[in-house]
A.B. asks: 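A single structure is presented below for examination.
Excluded from the calculations below are hydrogen atoms, water molecules and symmetry mates; all remaining heavy atoms, backbone and side chain alike, are included.
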Amino acid sequence: MIVAYGIANLLQSVAAARTTVHHTFDPGLLLRLAGHRTYLVGLVCQVGGFVLAFLARRDLPLFLVQASVAAGLGVTAVLGVVVLKWRLPMAEIVLLLLLFAGITALVLSAQPAPSKPLGTTGVIALLVALGAIAVLGIFAVRLQGAPGSVALGSLAGLGFSAAAVAARPLASAPTWDAFLTDPLLYLLIGHSIVGQLLLGLAMQRGSTTAAVAAMDAAGAVPAAIIGLLLLNDKIWPGREWLAGIGFLVTLAAVIGLTRYAEPQHHHAVAQETTRAVLDGGKSTRPTPRVSESPLLGTESTGPAQAASTGLRRPITRS
């Protein structure tokens with residue numbers, strides 16, 4: 001599950017950065033992204049991770065499953081080092097070790113238990129939340145740059161968090177008939193689609209770092225609280241302190257890793273030829289050579305690719 005989400009983070013942001021920037025809450029973005037093979041491969045990985053997470057939620061508390069989903073960012077960082085030759089300084093290595101320690105603490109503190117039914121009130125609350133997230137997304141999509149990434153990423157996290165809340169009791173459905181007729185299934189699908197759209201919009205705003213950090217924080221915390229209060233999520237007696245420390249350490253490590261773990265692909269820099277007025281239009285701005293990377297079909301510009309972490313070139317519309 002963690003590996004699947006880590007690969008999905010990497011591939012989907014590559015595709016989002018190469019797609020025309022959308023300034024409206026337009027579901028057509030998902031169709032545009034689907035035109036990228038990279039995005040489709042990432043989506044398959046995400047669906048695989050989602051299925052594994054769904055099965056895990058049958059007996060495991062949401063604070064463990066959601067933290068594990070967020071920990072996929074650590075896999076993204078490792079893949080960046082192994083496959084894309086990122087340089088990972090000591091700070092990032094420490095964060096990866098903290099991430100592993102936090103997940104270990106959560107595993108040791110989580111007590112498996114089936115979920116309680118959510119009830120009619122809970123179903124209505126999830127439906128209202130779906131509408132509210134969509135409406136807020138219509139306004140948040142007008143924001144640009146890092147503020148837009150944070151706002152849209154946070155809303156995406158809330159959508160995925162609501163989907164996780166719906167999945168916890170749904171995973172305990174006794175029969176296929178009960179599963180297919182449960183309104184939680186359709187709320188789960190609705191929240192997942194809205195969350196996926198918001199995430200794509202957030203990644204287009206030029207800061208994958210801000211988008212992923214906001215999504216992970218907003219996705220893990222509400223689900224963990226609701227699970228403990230309403231869904232029979234349990235902690236082994238005497239290990240409450242271990243669960244609290246593990247959750248905080250995991251969340252802090254994930255947010256810290258987003259500073260470095262964003263996919264470091266290079267965007268093709270489209271430069272229009274400009275004419276100089278003083279020399280009669282004979283002088284033009286040189287256009288950098290664009291070469292295609294053999295990995296993931298991404299493009300790079302210039303004679304060399306920067307391997308240091310945290311650096312991005314401007315995203316251009318394709």
A.B. asks: Please give me the minimum heavy-atom distance between P112 and W236, naming the atom from each residue.
C.D. replies: CD-CZ2, 4.1 Å
A.B. asks: Tell me, yes or no, whether the heavy-atom count around F54 atom CZ, taken from other residues, nucleotides or ligands under 6.0 Å, exceeds 12.
C.D. replies: yes
A.B. asks: If you link I, L, V, M, F, W and Y whenever their side-chain heavy atoms are under 4.5 Å apart, who else ends up in the same group as V128?
C.D. replies: I124
A.B. asks: Indicate, with yes or no, if L136 and L201 share a hydrophobic cluster defined by side-chain heavy-atom contacts under 4.5 Å among Ile, Leu, Val, Met, Phe, Trp and Tyr.
C.D. replies: yes
A.B. asks: Check whether any side-chain heavy atom of V221 sits under 4.5 Å from a side-chain heavy atom of F247, and report yes or no.
C.D. replies: yes
A.B. asks: Would you name the heavy atoms of L143 and G148 that are closest together and state the gap between them?
C.D. replies: CB-CA, 3.6 Å
A.B. asks: Please report the closest heavy-atom contact between G195 and A156, naming both atoms and the distance.
C.D. replies: O-CB, 3.5 Å
A.B. asks: For the residue pair L251 and A220, what are the closest heavy atoms and their distance?
C.D. replies: CD1-CB, 4.3 Å
A.B. asks: Assess whether side chain to side chain contact (heavy atoms under 4.5 Å, CB included) is satisfied between L158 and L198, documenting all intermediate values.
C.D. replies: CA-CA 10 Å; L158 291 176; L198 289 166; over 6 Å; no
A.B. asks: To the nearest 0.5 angstrom, please state how far the CG atom of L188 sits from the CG atom of D182.
C.D. replies: 10.0 Å
A.B. asks: How close do R168 and P114 get, counting heavy atoms only, and between which atoms?
C.D. replies: NH1-C, 4.0 Å
A.B. asks: Can you tell me if S161 uses its side chain to pair, donor with acceptor, with the backbone of A223 under 3.5 Å?
C.D. replies: yes
A.B. asks: I need the D233 CG to L64 CG distance, nearest 0.5 Å.
C.D. replies: 9.5 Å
A.B. asks: So does T181 get a backbone contact from the side chain of Y186, meaning a donor-acceptor N/O pair under 3.5 Å?
C.D. replies: no
A.B. asks: Is the shortest side-chain heavy-atom distance between P61 and L228 below 4.5 Å?
C.D. replies: no
A.B. asks: Rounded to the nearest 0.5 Å, how far apart are OG of S192 and CG of L130?
C.D. replies: 10.0 Å
A.B. asks: Please step through side chain to side chain contact (heavy atoms under 4.5 Å, CB included) for the pair H191 and V165, ending with a clear verdict.
C.D. replies: CA-CA 10 Å; H191 276 288; V165 171; over 6 Å; no
A.B. asks: If we ignore hydrogens and angles and just use 3.5 Å, is the side chain of Q46 paired with the main-chain N or O of V44 as donor and acceptor?
C.D. replies: no
A.B. asks: Minimum heavy-atom separation for I133 and L155, please, with both atom names.
C.D. replies: CG2-O, 3.8 Å
A.B. asks: Could you tell me the separation between the CZ atom of R58 and the CG atom of L170, rounded to the nearest 0.5 Å?
C.D. replies: 10.5 Å
A.B. asks: Does any non-hydrogen side-chain atom of S172 lie less than 4.5 Å from one of F179?
C.D. replies: no
A.B. asks: Which value, rounded to the nearest 0.5 Å, describes the distance between R57 atom CZ and L62 atom CG?
C.D. replies: 6.5 Å
A.B. asks: Set out, in order, the CA-CA distance, both residues' side-chain angles and the distance that settles side chain to side chain contact (heavy atoms under 4.5 Å, CB included) for I235 and L242, then state yes or no.
C.D. replies: CA-CA 9 Å; I235 302 172; L242 184 61; over 6 Å; no
A.B. asks: Could you state the interatomic distance from CG (L229) to NZ (K116), rounded to the nearest 0.5 Å?
C.D. replies: 10.5 Å
A.B. asks: Evaluate the side-chain proximity of F160 to V69: yes if any heavy-atom separation is below 4.5 Å, no if none is.
C.D. replies: no
